[in-house]
Amino acid sequence: MKGLPGFRDFYPEPIPTADSWSLDLRRHIFDTWRGTAERYGFREYDGPPIEELELYTKKSGDEIVGQLYNFTDKGSRNVSLRPEMTPTLARMAAAHTRNYKKPIKWFSIPQLFRYERQQKGRLREHFQLNADIIGEENLAADAELIALLIDTLRNLKLTSDDFVVRLSSRHAWQDFFENSSAHEKDVCDFYQIIDKLDREDPIVSGEKLAKLGFSLEQVNDFIESGQATDELAAIIGNIEARGLGDFIKVDYQIIRGLAYYTGPVYEAFDKRGKFRAIAGGGRYDHLVKLVSGGKTDLPALGFGMGDVVLAELLKDRGLVPPLGQALDAFVQITDESLRNASLSLVQQLRQAGQATEYPLLRAKPDKQLKRALELKAKWLVTLDNANQAHIKNLGTREEQTVPLVDVASALQD
RNA sequence: GUGGCCGUAGUUCAAUGGUAGAGCCCCAGAUUGUGAUUCUGGUUGUUGCGGGUUCGAGUCCCGUCGGUCACCCCA
């Protein structure tokens with residue numbers, strides 16, 4: 001039996017093959033995500049991995065169903081594995097908004113699903129850091145989130161040589177759109193065309209734009225001008241004040257595909273152009289109202305950062321830290337008559353907080369030593385008799401003899 | 001959903017259409033008065049699966065499943 005297509009198995013280090021997914025690497029990423037978000041004052045939340053299908057079609061239309069991992073459950077409900085976290089967050093926030101002081105700063109690390117054939121950096125499931133701020137319309141919130149995004153990547157040891165946040169805004173494009181003779185109803189189609197500019201044939205894009213009353217040249221000129229609006233200048237000023245100015249630039253090519261974005265939008269890109277976008281987000285001021293059926297109306301914004309592209313990027317840049325078991329002590333048993341005394345010692349060490357291993361069954365000395373080295377044990381502990389042991393630091397090769405009762409404290413050094 | 005490439009032992013890879021192999025890993029034993037040693041032996045395959053062509057298919061053809069990459073879509 002194999003796993004389902006597009007789903008991953010995560011093995012502990014050492015991973016069996018070079019392209020296996022490492023749970024230790026995953027944990028390194030999650031720990032960094034969680035640690036950075038908490039230092040920014042964000043609180044962790046979670047929701048159900050399955051939601052009613054309608055939660056997703058409500059804001060994106062029925063076309064999205066083709067991309068969803070959806071099915072009918074035994075109660076004849078139309079449900080879907082969650083493809084993104086934002087609708088769940090909007091639902092949760094709308095339901096209990098009065099119970100929290102504003103702004104609400106929350107993050108989550110959900111596993112998300114989509115039903116499509118896999119390709120580079122895109123599987124049928126992935127984990128994503130989601131950080132959102134609800135209830136603050138000021139640009140300071142946008143800047144705070146972008147700073148979190150940048151610091152999260154910096155804490156993974158990526159530098160301004162590795163990535164840049166490309167900042168844009170729907171407001172800027174809206175002004176551009178309204179300064180023309182185009183019809184307001186076409187604005188969503190217009191955004192779609194901009195979103196596809198870099199992967200669509202320019203001739204096709206030009207034709208589509210012409211139908212809405214624009215020329216490709218006109219659009220390209222606007223993108224190339226890269227002139228920051230007051231809104232974007234304020235965000236960049238905020239980021240610069242934190243000393244993170246090297247990590248951000250205006251780029252009107254970014255507009256994001258989703259219909260619900262309403263203001264500033266951004267994506268973090270690998271500077272060498274080898275990978276897909278590392279992260280993306282923006283402001284969605286009307287989504288909470290939409291999901292709550294009009295009961296609650298709160299401005300909101302957020303970003304998502306997936307683990308698949310990130311893991312590939314870290315491996316590519318040699319930024320994966322040493323991973324694997326970090327054993328404190330290996331208690332070897334060379335004399336089986338001392339097994340019970342050794343077990344007693346193992347118990348003491350474990351109770352003292354030392355990660356401790358020992359041979360479950362009689363084993364040859366060379367095998368035991370080899371195992372201790374493979375497990376990267378810091379200490380090798382051997383009982384000489386029922387009252388005395390010698391401990392060896394496997395890093396420095398220093399050895400000393402200590403009374404049995406002092407072993408645990410000797411290992412603390 | 002569409003298309004390209006790929007599929008041999010746990011793993012990395014061999015095998016002109018002619019008896020399916022090697023290194024590594026793993027396991028056992030021997031040696032070693034403790035630093036990854038050395039020696040000996042051993043397990044493992046319906047060649048992804050199902051058809052077809054052929055005297056004979058890992059090899060050629062078709063289908064299917066899986067992997068991978070691109071398209072569609074982008075959360």
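A, B, ... follow the sequence lines: proteins, then strands. Residue 1 opens every chain. Side-chain atoms are counted along with the backbone in the values below, which use heavy atoms only and exclude waters and symmetry mates. Keep in mind that this is a model prediction, so the values were computed, not measured.
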Practice item. Could you give the distance separating B/rG3 and B/rU53 at their C1' atoms, to the nearest angstrom? Key: 27 Å

**Study point:** Residues A/D307 and A/R26 bridged, charged N to O under 4.0 Å
**Key:** no

Review point. Which comes earlier along RNA chain B counting from the 5' end, the contact point of A/G395 or that of A/F7, where each point is its nearest nucleotide?
Key: A/G395

Check your understanding: When the distance from CG of A/L375 to P of B/rG35 is rounded to whole Å, what number comes out?
Key -> 18 Å

Practice item. Would you please say whether a donor-acceptor pair under 3.5 Å links the side chains of A/D251 and A/Q253? Key: no

Point to revise | Side chains of A/I146 and A/F247 in contact at under 4.5 Å (non-hydrogen atoms) | key: no

Check your understanding: Over how many whole Å does the gap from A/D19 atom CG to B/rG66 atom P extend?
Key -> 18 Å

**Study point:** Spacing of the P atoms in B/rU59 and B/rA9 (rounded, Å)
**Key:** 14 Å

**Study point:** A/R166 NZ/CZ over A/F269 ring centroid, <6.0 Å and within 45° of normal
**Key:** yes

Review point. Side chain of A/P5: nearest nucleotide among B/rG66, B/rU11, B/rA36?
Key: B/rG66

Practice item. Specify the closest pair of heavy atoms between A/K102 and A/G135, including all atoms of both residues, with the distance to one decimal. Key: CB-O, 3.9 Å

Practice item. Measure from the side-chain heavy atoms of A/K370 and tell me the nearest of B/rG67, B/rG35, B/rU37. Key: B/rU37

Practice item. Classify the nucleic acid contact of A/T86 as base, sugar-phosphate or nothing, counting any heavy atom under 4.0 Å across all strands shown. Key: nothing

Review point. Starting at CZ of A/R371 and ending at C1' of B/rC27, how long is that distance when rounded to a whole Å?
Key: 12 Å

Revision key, fill the gap. One should read off an interatomic distance between A/T262 OG1 and A/E137 CD, to the nearest 0.5 angstrom, of 11.0 Å

Check your understanding: In this structure, are over 12 heavy atoms from other groups packed under 6.0 Å from A/R43 atom CZ?
Key -> no

Exercise for review: Please report, rounded to the nearest Å, how far the P atom of B/rG33 is from the CD atom of A/Q368.
Suggested key: 16 Å

Point to revise | Whole-Å gap separating P (B/rG33) and CG (A/D384) | key: 18 Å

Review point. With a 4.0 Å cut-off on heavy atoms, is A/G6 in touch with a base, just the backbone sugar-phosphate, or nothing at all?
Key: sugar-phosphate

Point to revise | Salt-bridge contact A/K315-A/E312 (side-chain N to carboxylate O under 4.0 Å) | key: no

Point to revise | Separation of atom CZ in A/F330 from atom P in B/rG35, rounded to whole Å | key: 15 Å

**Study point:** Pairing string, 5' to 3', for RNA chain B - Watson-Crick or wobble contacts under 3.5 Å, brackets [ ] where pairs cross, | to another strand
**Key:** (((((((..((((....[..)))).(((((.......))))).....(((((..]....))))))))))))....

Point to revise | Separation of the C1' atoms in B/rC72 and B/rG4, to the nearest angstrom | key: 16 Å

Exercise for review: Taking A/Q192 for its side chain and A/G257 for its backbone only, find out whether a donor-acceptor pair lies under 3.5 Å.
Suggested key: yes

Exercise for review: Indicate yes or no: does A/D46 engage A/R82 in a salt bridge with an N to O separation below 4.0 Å.
Suggested key: yes

Exercise for review: With rounding to the nearest 0.5 Å, note down the distance linking CZ in A/F303 to OH in A/Y266.
Suggested key: 6.5 Å

Review point. Taking only side-chain nitrogens and oxygens of A/K364, does any of them come within less than 4.0 Å of OP1 or OP2 of B/rA30?
Key: yes

Exercise for review: Run the salt-bridge test on A/K208 and A/E200 with the 4.0 Å N-O cut-off and return the result as yes or no.
Suggested key: yes

Exercise for review: Check the distance between B/rU31's P and A/K367's NZ and give it to me in whole angstrom.
Suggested key: 13 Å

Check your understanding: Which of residues 143-152 of chain A sit near RNA chain B, with a heavy atom under 4.0 Å from it?
Key -> none

Exercise for review: Would you kindly give the CG-to-C1' distance between A/L361 and B/rA28, to the nearest whole Å?
Suggested key: 14 Å

Practice item. Could you encode protein contacts along nucleotides 70-75 of chain B as a string, one character per nucleotide from 5' to 3', using B for base contact, S for sugar-phosphate-only contact and - for no contact, with a heavy-atom cut-off of under 4.0 Å? Key: SSBBBB

Review point. On a whole-Å scale, what distance lies between the C1' atoms belonging to B/rC62 and B/rC26?
Key: 40 Å

Review point. Considering only the P atoms, how many Å lie between B/rG45 and B/rA20, rounded to the nearest integer?
Key: 14 Å

Exercise for review: Determine the Euclidean distance between corresponding C1' atoms of B/rG18 and B/rA57; express it in Å to zero decimal places.
Suggested key: 10 Å

Practice item. Taking atom P in both B/rG7 and B/rG58, compute the distance separating them and give it to the nearest angstrom. Key: 15 Å

Point to revise | Among B/rU32, B/rG35, B/rU12, the one nearest A/K392 by side-chain distance | key: B/rG35

Point to revise | A/S409 and A/D406: side chain donor to acceptor below 3.5 Å | key: no

Exercise for review: Considering only atom P, compute the distance from B/rA14 to B/rA30 and round it to an integer number of Å.
Suggested key: 39 Å

